[in-house]
2 protein chains.
Amino acid sequence: MTRRDSIAASLRDDIAAGGWAPGDQLPTEGALAARFGVNRHTVRAALAVLAEDGLVHARRGAGTFVAAKPAAYPLGRRVRFHQNLAGRAPEKRMLSLETRAATERESAALTLTPGAQVHVLDGISLADGRPIALSQSCFPADGLEQLPDALRADPSVTAALKACGVSDHVRVESRIDARVADALQAGLLEVKVGAALARVTSINADGDGRRVEWGRTWFVGERVTLVVDHP
Amino acid sequence: MTRRDSIAASLRDDIAAGGWAPGDQLPTEGALAARFGVNRHTVRAALAVLAEDGLVHARRGAGTFVAAKPAAYPLGRRVRFHQNLAGRAPEKRMLSLETRAATERESAALTLTPGAQVHVLDGISLADGRPIALSQSCFPADGLEQLPDALRADPSVTAALKACGVSDHVRVESRIDARVADALQAGLLEVKVGAALARVTSINADGDGRRVEWGRTWFVGERVTLVVDHP
DNA sequence: TGGAATTTGTGCGTATGTATG
DNA sequence: CCATACATACGCACAAATTCC
């Protein structure tokens, strides 16, 4: 066990024991070097081990901070935002809502006839007061005429669909890739431009198999872990 | 439909019809502007629409190129690399293989006693000759003594486990988040530093429920789409 | 608004212990 | 026993970002 590893283990224990809470600033590298009686480089190596595990996060000029635990977001047949983030103070805000003709891509995903009308909802999701995801949902307008009014009353998709007579909806497929945040996304999500986002494209159907939602969600990589169980 | 959108749709059709193959260079923006009889700015707006969808990729000073279609990589109970990428010339190369004491994190993931030995395999995966992922797999050494020899003979994890008497293994859980590539990863994956990677952490168990592999895989965001079916 | 102080990030040189051949 | 390579650790200096007055 090198000196670096033992220092890393010691700091890890302190964090696990609650010595520092998520978001707290650790002592400076210089202070830690003095406490452990080693060179600052050695402390930096130890902190790098913890950063590799995502346990701490250094900001140049500011300090090193205990990372907030990423929110676990289950991806399954039934994805319900508020249930998924129970205990993390989930919050959803509407950014825009419009009804327009579907793009080629949208009509293909929802198996609509070209030029059909769709409702498009843009929103932002928060957990513990921090933005965790941007989302765009696309619904066929045909059969869901009341959806915009319902969404304006309550931004919950599940509740709005229920108000339109869709009592249940299930996710058929999720496709996931990774993208970097552009300036617009970065501003809304309160991350730097170039931060990694996990993009999830999903198709949701009602009880009869009719596709009722095509959604794309951009999750902040360092704040959310998507969890897939394989039963 | 704006002129921009009609040009974008026209180019999209050409690409879909095979007019240009993945990797091909499109005509210059000036040439396209002349062909469609519009200003170069309009062509740029149309190309931006396609780039937004990941269909083309512009490189300053070089030109605009048709993006290679991302490989679909199913995430399910049975994840087998070669089957997953059938038709995309899957290839797996071993980067390193060592046996050492498990870190705290590794022994927790594999439910090992602290200090137990593990085999650690680093590898790189390619499809169609391009790197698509880096992976690190961690196996308990206890009960899998022959694994390193088997892996050196054949880098396939499934084959190596079979050689050690594990006839079948299934994925229990996948956790996904997004990270940016560091210099080492970028070099190996042939992407730029800062490119978005989808990181998948998975736990695999044998028929008796014993955890036999803890793996982490970093997929190049723009070359792979992870697909999760929700049956 | 500005500028000093603080803090992390980076580079270079040096030294030591441990394998390897 | 020597030469080499590698990882670890130390010391010093400066750059870059942030904070604070």
Side-chain angles (χ1 to χ4, degrees), chain A residues 1-15 19-70 129-131 180-183 185-196 220-223, chain B residues 94-107 114-115 117-124 134 136 138 141 148-149 152 179-188 191-197 216 218:
Chain A
M1 171 100 67
T2 64
R3 197 84 185 85
R4 173 198 61 198
D5 290 335
S6 71
I7 291 173
S10 171
L11 292 173
R12 193 192 298 272
D13 286 347
D14 279 350
I15 293 171
W20 296 294
D24 278 7
Q25 181 173 3
L26 294 183
T28 67
E29 294 172 347
L32 289 173
R35 173 194 302 184
F36 289 107
V38 298
N39 189 276
R40 192 166 75 94
H41 280 300
T42 309
V43 168
R44 286 182 54 77
L47 288 173
V49 171
L50 301 186
E52 177 76 14
D53 285 353
L55 212 65
V56 302
H57 186 254
R59 271 172 49 214
R60 161 142 55 165
T64 305
F65 301 83
V66 178
K69 212 168 118 190
R130 303 194 72 188
V180 295
D182 61 28
Q185 295 168 327
L188 290 165
L189 290 170
E190 296 174 15
V191 296
K192 288 181 184 165
V193 173
V220 177
E222 59 189 16
R223 295 184 195 150
Chain B
M94 186 186 303
L95 294 176
S96 73
L97 177 59
E98 59 170 347
T99 301
R100 54 162 173 75
T103 67
E104 207 164 323
R105 195 188 181 88
E106 289 162 349
S107 58
Q117 292 289 111
V118 288
H119 307 305
V120 180
L121 166 71
D122 282 281
I124 184 168
L134 292 174
Q136 182 175 77
C138 188
D149 288 339
R152 267 183 275 266
R179 301 277 143 174
V180 295
D182 61 28
L184 178 61
Q185 296 169 327
L188 290 165
V191 296
K192 290 179 185 166
V193 174
L197 307 178
R216 282 184 298 179
W218 289 263

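Side chains are part of it too, since the values below use all heavy atoms of this structure and drop only hydrogens, waters and symmetry mates. Here is how names work: the chains are called A, B, and so on, in the same order as the sequence lines, proteins then strands, and each is numbered from 1. Given the structure is predicted, the values throughout are model-derived calculations rather than measurements.
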Whole-Å distance separating the [atom1] atom of [X] from the [atom2] atom of [N]:
| X | N | atom1 | atom2 | result |
| --- | --- | --- | --- | --- |
| A:Arg40 | C:dT8 | CZ | C1' | 6 Å |
| A:Gln25 | C:dT7 | CD | P | 8 Å |
| A:His57 | C:dT7 | NE2 | P | 18 Å |
| A:Ile7 | D:dT8 | CD1 | C1' | 12 Å |
| A:Asp5 | D:dA7 | CG | P | 14 Å |
| A:Phe65 | D:dA17 | CZ | C1' | 12 Å |

Taking only the side-chain heavy atoms of [X] (C-beta and beyond), determine which of [options] contains the nearest atom.
| X | options | result |
| --- | --- | --- |
| A:Thr2 | D:dT8, C:dT7, D:dA17 | D:dT8 |
| A:Glu29 | D:dT18, D:dG11, C:dT8 | C:dT8 |
| A:His41 | D:dA16, C:dG11, D:dT8 | C:dG11 |

**Prompt:** Around atom CZ of A:Arg130, are there more than 12 heavy atoms of other residues, nucleotides or ligands at under 6.0 Å?
**Reply:** no
**Prompt:** Side chains of A:Asp13 and A:Ser10: do they bring a donor and an acceptor to under 3.5 Å?
**Reply:** no
**Request:** Using modelled atom types only, decide if a donor and an acceptor are shared between the side chain of B:Arg216 and the backbone of B:Leu134 within a distance under 3.5 Å.
**Result:** no
**Item:** Sidechain N-carboxylate O distance under 4.0 Å for B:Arg100, B:Glu106
**Value:** yes
**Complete:** Residues A:Ala46 and A:Ile7: closest non-hydrogen pair is CB-CG2, 3.7 Å
**Request:** Indicate, with a heavy-atom threshold strictly under 4.0 Å, whether A:Arg44 touches base, sugar-phosphate, or nothing.
**Result:** base
**Prompt:** A:Arg4 near the nucleic acid: base, sugar-phosphate alone, or nothing, with a heavy-atom cut-off under 4.0 Å?
**Reply:** sugar-phosphate
Does a side-chain N or O of [X] approach OP1 or OP2 of [N] to a distance below 4.0 Å, or not?
| X | N | value |
| --- | --- | --- |
| A:Thr42 | D:dT8 | no |
| A:Asn39 | D:dG11 | yes |
| A:Thr64 | C:dT8 | yes |
| A:Arg59 | D:dT19 | yes |

